[in-house]
Amino acid sequence: MSITTLGPLAAAARFVFGADHATSKGLTEAATGGTEADVKRAQALVKKLPPKDRTRLMAAFQTFSDTGP
């Protein structure tokens, strides 16, 4: 996960799961100047999501990261 993807991914997670969800919090922390350990923790949280939730997150991520034509 790169720093450029963390911000939009965190925004998507807050939209899909709410700001209080562990994955949302982990991604937000990693995106806002977190350490390498924070990034790895955020990756692990995303991987632990049930497949349906991961699919919802990735769909929202495409929307938040889409810069348009």
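All figures in this text were calculated on a predicted structure; none of them were measured in a lab. If you read the sequence from its start, that first residue is 1, and numbering goes on from there.
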Mind jotting down which residue pairs meet the salt bridge (charged side-chain N to carboxylate O under 4.0 Å, His left out) criterion with at least one end in residues 41-51? Sequence neighbours excluded, please. none

Please collect all salt bridge (charged side-chain N to carboxylate O under 4.0 Å, His left out) contacts where either partner lies in residues 27-36, sequence neighbours excluded, each pair once. Glu36-Lys40

Distance from Arg54 atom CZ to Met58 atom CE, nearest 0.5 Å? 8.0 Å

For the student: nearest non-hydrogen atoms of Gly26 and Leu45, plus distance: CA-CD1, 4.1 Å

For residues 6-23, please give each side-chain donor-acceptor pair under 3.5 Å, one per line with the distance, not counting sequence neighbours.
unit_1	atom_1	unit_2	atom_2	d
Arg14	NH1	Thr28	OG1	2.7
His21	ND1	Thr23	N	3.1

